Amino acid sequence: MQFRDLHRQYEAMKAEMDETMLRVVASGVYIMGPQVAELEQQLADYVGVKHCITCANGTDALRLSLMALGVGPGDAVFVPDFTFFATAEAVAMVGATPIFIDVDKETYNIDPCLIYEEYESVRCNTSLRPVAVIAVDLFGLPADYDALREVCRCCNIFLVEDGAQGFGGSFGGKRACSFGDISATSFFPAKPLGCYGDGGAIFTDDEHYADLLRSLRVHGKGTDKYDNVRLGLNSRLDTMQAAVLQVKMRYFDDELLAVNRVAAKYSQLLRGKIQTPVVPEGYTSSWAQYTIQAENRDELQVRLKAAGIPSMVYYPHTMSRQAAFEGLPKLTLTPTADQLTRTVLSLPMHPYMTDEEIQTVASLI
Ligand SMILES: *Cc1c(COP(=O)(O)O)cnc(C)c1O
């Protein structure tokens with residue numbers, strides 16, 4: 001059994017995919033081909049925002065977002081302590097300081113109630129200037145954006161959405177990647193919408209940020225690419241990856257239905273026996289992961305492995321315990337994040353799982 005069976009997905013769209021990829025090869029236009037702008041329009045329409053700017057990967061999407069917002073040295077950015085490393089890494093790479101916030105035990109997402117206190121603490125106890133929150137849609141579930149928007153308005157700081165795992169989810173009738181002043185996603189192959197390599201995208205309604213981002217992704221270009229008005233990155237989405245994503249977008253809504261069916265089946269079989277993932281009223285998840293919690297997590301993982309079933313610990317370390325962030329100010333403890341690193345286990349999850357496979361995994365649990 002595969003943890004995320006990308007081969008089955010390819011088989012389901014093979015004829016279309018092969019033809020599309022060969023057409024890109026034959027065109028000779030490998031960078032910024034017409035598929036890139038077409039895809040950006042499709043993605044912006046899908047998410048429900050004015051502008052989509054694609055780039056080389058999700059980490060760059062976060063970094064470019066922070067660059068566009070003018071975040072840099074001396075700035076503090078609040079990030080969840082329980083997330084993939086890139087969320088906090090992007091903050092440090094622009095010279096700012098990540099401040100780690102604890103998460104909600106049920107949704108795994110940043111706890112908005114803790115941000116205001118931490119904001120006051122940064123202002124009183126450090127020389128840093130709090131400028132933004134990066135909320136993560138962990139495992140596919142959008143963060144609590146009503147409360148986040150409120151606290152960001154109150155503190156007058158930016159809200160950035162790390163939708164790397166969230167693309168396809170929704171909250172209050174709005175799609176993920178529409179909730180931040182700027183929102184970022186990733187098209188890494190195993191994400192809900194993945195390409196055949198690295199890729200990413202940034203979403204915003206703000207024309208000024210959109211223009212800045214289009215400049216920043218190509219060496220800070222001005223009127224043309226040999227007129228450089230600022231420092232930027234080389235961070236474009238390849239024409240090939242854009243073409244792959246155009247094909248995958250045609251299947252994406254069906255795949256979302258399928259992963260929701262898989263999650264419902266898992267939960268039906270496991271509820272009451274183990275702590276299953278919670279999707280609060282008004283939310284839908286894109287199920288980047290199906291993550292349970294168990295005190296005997298390690299034992300369960302061994303049992304699954306013995307039966308040939310892969311499972312993953314997302315994530316074994318909190319951000320504040322990563323060696324790369326040693327020495328950063330740690331203003332409060334993050335007990336929930338700590339506990340989750342000891343109890344979480346992500347089970348095989350993808351749109352092409354059969355009922356039989358779901359049953360096999362569930363019965364071993
Ligand atoms: C995958 C991921 C990223 C980074 O995306 P890449 O395309 O791998 O650079 C950032 N944040 C989160 C939460 C992720 O899961």
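Computed from a predicted model, the values in this text were never measured in an experiment. We use all heavy atoms of the structure for the numbers below, so side chains are in, but hydrogens, waters and symmetry mates are not. Every number for a ligand or one of its atoms is a count from 1 in the order of the listing.
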Under 4.0 Å from any heavy atom of [X], which atoms of ligand 1 are there?
X	value
Asn57	7 (O), 9 (O)
Val136	13 (C)
Thr87	11 (N), 13 (C)
Ser186	5 (O), 6 (P), 7 (O)
Thr83	13 (C)
Gln165	13 (C), 14 (C), 15 (O)

> Is ligand 1 under 4.0 Å from a heavy atom in the side chain of Leu138, in the backbone, in both, or in neither?
Replying inline: neither
For [atom], what is the nearest protein heavy atom, given as residue, atom name and distance?
atom	result
atom 2 (C) of ligand 1	Lys191 NZ, 2.5 Å
atom 13 (C) of ligand 1	Asp162 OD2, 3.4 Å
atom 4 (C) of ligand 1	Thr59 OG1, 3.5 Å
atom 6 (P) of ligand 1	Gly58 N, 3.4 Å

> Do the two ring centres, one from Tyr145 and one from Phe171, sit under 6.0 Å apart?
Replying inline: no
> Quick one: are the ring centres of Phe85 and Phe325 less than 6.0 Å apart?
Replying inline: yes
> At what distance, to the nearest 0.5 angstrom, does CG of Leu304 lie from CG of Leu345?
Replying inline: 6.5 Å
> Would Ser346 and Thr291 satisfy side chain to side chain donor-acceptor pair (under 3.5 Å), going step by step from the backbone distance to the final call?
Replying inline: CA-CA 4 Å; Ser346 299; Thr291 304; 2.8 Å; yes
> Cluster question for you: counting only ILVMFWY and a side-chain heavy-atom cut-off of under 4.5 Å, with indirect links fine, are Met93 and Val91 together?
Replying inline: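 No, no single cluster joins them.
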> Are Tyr314 and Val136 connected in a single hydrophobic cluster, I mean Ile/Leu/Val/Met/Phe/Trp/Tyr linked by side-chain heavy atoms less than 4.5 Å apart?
Replying inline: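 In one cluster: yes.
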> Polar-atom distance check: Asp198 versus ligand 1, any N or O pair below 3.5 Å?
Replying inline: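 For ligand 1, there is no N or O atom that lies under 3.5 Å from one belonging to Asp198.
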> Does Tyr251 reach the main-chain N or O of Met13 with its side chain, forming a donor-acceptor pair under 3.5 Å?
Replying inline: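 Checking the backbone N and O of Met13 against the side chain of Tyr251, no donor-acceptor pair under 3.5 Å is found.
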>> Checking Gln35 against Gln241: is there a side-chain donor and acceptor pair closer than 3.5 Å?
In response: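 Judged by distance alone, the side chains do not pair up.
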